[in-house]
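Below: the structure, in structure tokens.
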Amino acid sequence: MLQIKTIHERTDDVKNALKKRGFSAEELNVVDEVVNLDNQRKATQTKLDAVLAQINSKSKAIGGLFKSGKVQEANDMKKEVTDLKSEKDPLEDQLRQITVDIQNILFKLPNMPHAKVPEGLSEDDNVVVKDWDKPLPSLIEGAKAHWDLAELYNIIDFELGVKITGSGFPLYRGKGAIFQRALINFFLDEAREAGYEEIIPPLLVNEASGIGTGSLPDKEAQMYHMEKDNLFLIPTAEVPVTNIVRNVILKEDDFPIKFCAYTPCFRREAGAHGSDVRGLNRVHQFDKIEIVQVEHPDRSHDTLDNMVSYVEGLLNKLELPYRILRLCSGDLTFASALTYDFEVFSAAQEKWLEVSSVSNFETFQTNRMKCRYKDANGKTQLAHTLNGSALALARIVAALLENNQTENGINVPEVLRPYTRFDLID
RNA sequence: GGAGGAGUGGCAGAGCUGGUUUAAUGCACCGGUCUUGAAAACCGGCGUGCCUUCACGGGCACCGGGGGUUCGAAUCCCUCCUCCUCCGCCA
């Protein structure tokens, strides 16, 4: 959430940022609207505070009058306060309404893109900042896509998933299940070595947590909602893990805070039917290891670069061909200021699959969740949050299965063998 | 799920028969005096957000969340949440 102060002080910057996001001239009017509302809020509060101050002092005086037995004077003053209350109530209602109106607008404004974010409308305008410069893997004759390999080796059963739950809920079995577990442990061990504290968070979160990361309101469509308990199944570990610092005031030397977490992720993917949904390409439940950092604003962009390098290291160890994209303004997610996407080449499908997204949210999330720190002058400032997938399993599995297939079976990457305790899926 | 008790500033802990409490006091923390230095002692500071002021400062709100009663609520009422104790059920 953008700070109202920022909108006041840098109105033109905010407008330009939103324009970059694709806001039309007409849509940009909300910026002036919210500034106006905030001015109204200030004026209303000034009036209200003055009335309240009178009520407070008179009420206190009434107490003194009663004590000294001046009942008549006390009763007279009571009437005065009653009159003041008729001024107070409408002002209170007004202030409440204005506050809600401001909040509703702020909730709908996306983050301001960082200067590095390229202008663009869709994913076609994303910039490849690091391309794969080695040859792409050449596959055996009659190479299969992962959904066919899954069936051939009986490692992932999509139909059983459909039977038990519905489409998009794959069932892993045998070496397929073990392979998943190996990847999870590998990623967690790597993260630990990189200094991330491992977290096992709740998989259901409340409304406040959803709002904190920007998953709520309005984006309920992406989350499974337990209406009876008003809880949401997490779409990513980012939600519960980042909310660890909700309503926390940190010390400057607490930075950087580094968490990692493995969780299943649940996404409704409403309206995402059609292309690219076969097999593991797009599912409702998948496993992911997430890394999260809470950083000092001065260092967060260096940290973002470090996180990108970290993810790159993982892909190198798995020997997967990848490329890194800097998302353009049109493809940037709602809460992000700057995002790098990692894509892995799926040889049998002959397409690039998104397997990781590493973002700096700057103060967008911390403003929502009130995560602050005390600076050298003792002033409270908003911290920065970052996160990245390190990594998301389903598509990594798809790429590994396809790229490593041989006539005899599927080769397990070297780094995973200590975890799988087998070298070949056959 | 049932019954009872409780949620106060970083922590501990008063206040809770509604009105000089502007939330006492202690610990912790920060600054100062003293000291060669440190400890102790003493003095001062010590929450968050908002409004207002060039500034000094002034004002408002917050005692788990929300709502209500009242001239006035940490204190009374309603509701939700959380924790503790006991009972029941259960991996």
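Residue numbers start from 1 in every chain, and the chains themselves are labelled A, B, ... in the order their sequence lines are given, proteins ahead of strands. Both backbone and side-chain heavy atoms feed into the values below; hydrogens, waters and symmetry mates do not.
- Of the candidate nucleotides B:C50, B:C71, B:C60, B:C71 has the atom nearest to the side chain of A:Val81.
- Taking the six-membered ring where the residue is Trp, the centroids of A:Phe334 and A:Phe364 are separated by under 6.0 Å.
- Look at the C1' atom in both B:A14 and B:G2: the space between them is 34 Å, to the nearest Å.
- Separation of the C1' atoms belonging to B:G47 and B:C34 is 31 Å when rounded to the nearest angstrom.
- We find that CG of A:Asp49 is positioned 11 Å from C1' of B:G58, with the value rounded to whole Å.
- The residue among A:Lys79 and A:Arg96 whose nearest nucleotide of RNA chain B is located toward the 5' end is A:Arg96.
- For B:U52, the OP1/OP2 oxygens have no side-chain nitrogen or oxygen of A:Lys47 closer than 4.0 Å.
- B:G10 sits 13 Å from B:U48 when the C1' atoms are compared, rounded to a whole Å.
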Query raised in the report: According to the Watson-Crick and G-U wobble definition with distances under 3.5 Å, which dot-bracket string, read 5' to 3', encodes RNA chain B, using [ ] for crossing pairs and | for pairs with another strand?
Result: ((((((((.[[[..)...(.....]]].(((((.......))))).((((((....)))))).[[[[[..)....]]]]])))))))....
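- Atom P of B:G7 sits at a distance of 14 Å from the matching atom of B:C77, rounded to the whole Å.
- In the set B:C51, B:U48, B:C71, the nucleotide with an atom closest to the side chain of A:Ile249 is B:U48.
- Classification of the A:His284-A:Phe169 ring pair by plane angle, with boundaries at 30° and 60°, yields tilted.
- Here B:U22 is the nucleotide among B:G72, B:G49, B:U22 with the atom lying nearest to any side-chain atom of A:Lys60.
- Rounded to whole Å, atom P of B:C81 lies 11 Å from atom CG of A:Leu231.
- Between A:Asp375 atom CG and B:C30 atom P there is a gap of 18 Å when expressed in whole angstrom units.
- Within the 4.0 angstrom heavy-atom criterion, only backbone atoms of the sugar-phosphate kind lie near A:Leu52; the bases stay farther away.
- Looking at the side chain of A:Lys85, the nearest of the listed nucleotides B:U48, B:G19, B:U70 is B:U70.
- When each of A:Asn111, A:Leu382, A:Leu2 is paired with A:Thr363, the side-chain contact (heavy atoms from CB on, under 4.5 Å) condition holds for A:Leu382 and for no other.
- Put simply, the side chain of A:Asn316 reaches to within 4.5 Å of the side chain of A:Tyr322, judged on heavy atoms.
- OP1 or OP2 of B:C51 has at least one side-chain nitrogen or oxygen of A:Arg41 nearer than 4.0 Å.
- Donor-acceptor pairing under 3.5 Å is recorded for the side chains of A:Gln365 and A:Thr385.
- Atom name C1', nucleotides B:A12 and B:C78: the rounded distance is 32 Å, in whole Å.
- Counting to the nearest Å, the P atom of B:C50 and the CD1 atom of A:Ile102 are 13 Å from each other.
- In this entry the distance linking NZ of A:Lys88 with P of B:G68 reads 9 Å, nearest Å.
- Taking 4.0 angstrom as the limit, A:Asn56 places none of its side-chain polar atoms (N or O) nearer than this to OP1 or OP2 of B:G72.
- A close approach under 4.0 Å does not occur between any side-chain nitrogen or oxygen of A:Thr99 and OP1 or OP2 of B:C50.
- Between A:Tyr196 and A:Tyr310, the two ring planes are tilted [angle within 30° to 60°].
- Taking atom P in both B:C63 and B:A73, one finds a spacing of 11 Å when rounded to whole Å.
- Atoms CG (A:Asp229) and P (B:C81) sit 10 Å apart, rounded to a whole Å.
- Distance A:Glu87 CD to B:C71 P: 17 Å, rounded to the nearest Å.
- To the nearest whole angstrom, the two C1' atoms, one in B:C27 and one in B:U33, are 22 Å apart.
- Using the six-membered ring where Trp is involved, A:His301 and A:His114 have ring planes that are tilted, between 30° and 60° apart.
- The separation between A:Lys374 atom NZ and B:U48 atom C1' is 8 Å, rounded to whole Å.
- Annotation: B:C62 and B:A74 have their C1' atoms spaced 11 Å apart (nearest Å).
- Contact of the A:Ile156 side chain with the A:His146 side chain is not registered, since no non-hydrogen atoms from C-beta on lie closer than 4.5 Å.
- Counting any heavy atom pair closer than 4.0 Å across all strands shown, A:Lys42 reaches sugar-phosphate atoms only and no base atom.
- If you take CE on A:Met369 and CG on A:Asn243, they are separated by 4.0 Å, rounding to the nearest 0.5 Å.
- Neither OP1 nor OP2 of B:U48 sits under 4.0 Å from any side-chain N or O of A:Arg372.
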